[in-house]
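Accompanying notes for the structure given below.
All values derive from a computational prediction rather than experimental measurement. Note that these values count all heavy atoms, side chains included, but never hydrogens, waters or copies made by symmetry.
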Amino acid sequence: MDEGKITGLVSLDIKKAFDSINHQILMSKMKDQFGIRENELNWFTSYLTDRQQVCCVNDHISSWKSIENGVPQGSILGPLMFLLYIN
């Protein structure tokens, strides 16, 4: 900017990015684009399948809810799977 050149910035806030990942699309990309097959693909599928969550606020516990989309946040694999998905 001091030299009179154009400067730009792009900022993205992808809301609920980790929560919106479709498991079938992710598995398809892992297989077709990244060559992840058989045992490894089955392991990732198992990691994302049959997940459930519950919420506790002020000693009140919600009912269990099945998680059908998304990758676990706070996990080591979550960011990796997100990057594979958006690639």
Side-chain angles (χ1 to χ4, degrees):
M1 287 176 22
D2 292 338
E3 297 174 8
K5 296 182 180 179
I6 297 174
T7 303
L9 169 70
V10 176
S11 178
L12 263 250
D13 181 13
I14 306 172
K15 293 183 189 271
K16 302 202 181 260
F18 281 55
D19 296 333
S20 62
I21 293 175
N22 181 292
H23 295 163
Q24 277 67 38
I25 294 172
L26 175 60
M27 294 303 117
S28 177
K29 284 186 173 195
M30 290 176 113
K31 180 181 175 187
D32 298 337
Q33 294 179 13
F34 300 103
I36 299 172
R37 304 220 186 276
E38 299 179 22
N39 288 341
E40 293 79 12
L41 190 64
N42 290 337
W43 185 85
F44 277 105
T45 301
S46 174
Y47 182 68
L48 295 175
T49 303
D50 296 326
R51 299 184 73 85
Q52 295 184 335
Q53 72 181 18
V54 66
C55 183
C56 179
V57 177
N58 295 330
D59 296 327
H60 297 288
I61 300 174
S62 70
S63 58
W64 286 93
K65 178 171 172 41
S66 294
I67 306 300
E68 298 180 12
N69 290 314
V71 296
Q73 296 180 36
S75 69
I76 294 197
L77 291 175
L80 171 67
M81 290 188 286
F82 176 72
L83 290 174
L84 293 174
Y85 186 79
I86 64 170
N87 182 10

| To the nearest 0.5 Å, what is the distance between CD (Gln73) and CZ (Phe82)? | 10.5 Å

| query | Can you tell me if CD1 on Ile76 sees more than 12 non-hydrogen neighbours from other groups inside 6.0 Å? | reply | no

| Is any side-chain heavy atom of Val71 closer than 4.5 Å to a side-chain heavy atom of Tyr47? | no

| request: For residues 57-69, pull every pair meeting side chain to side chain donor-acceptor pair (under 3.5 Å), keeping only residues two or more places apart or in separate chains. | output: none

| query | What do the steps show when you test Met30 against Leu84 for side chain to side chain contact (heavy atoms under 4.5 Å, CB included), and what is the final call? | reply | CA-CA 7 Å; Met30 290 176 113; Leu84 293 174; 3.7 Å; yes

| query | Mind checking whether Leu26 and Met81 have side chains closer than 4.5 Å, heavy atoms only? | reply | yes

| Please, which pairs that meet side chain to side chain donor-acceptor pair (under 3.5 Å) have at least one residue in residues 32-41, sequence neighbours excluded? | Ser28-Asp32

| task | State yes or no: do Ile67 and Phe18 share one hydrophobic cluster built from I, L, V, M, F, W and Y residues joined by side-chain heavy-atom distances below 4.5 Å, directly or via other members? | result | no

| Donor-acceptor contact present, side-chain Thr45 to main-chain Leu41, <3.5 Å | yes

| field | Heavy-atom closest pair, residues Pro72 and Ser75 | value | O-OG, 2.8 Å

| remark: Note: Gln24 and Asn22 closest approach over all heavy atoms is N-OD1, 2.9 Å

| message | If hydrophobic clusters are built by linking Ile, Leu, Val, Met, Phe, Trp and Tyr wherever their side-chain heavy atoms come under 4.5 Å apart, do Ile61 and Val57 end up in the same one? | response | no

| Is it true that atom NZ of Lys29 has more than 12 heavy atoms of other residues, nucleotides or ligands lying nearer than 6.0 Å? | yes

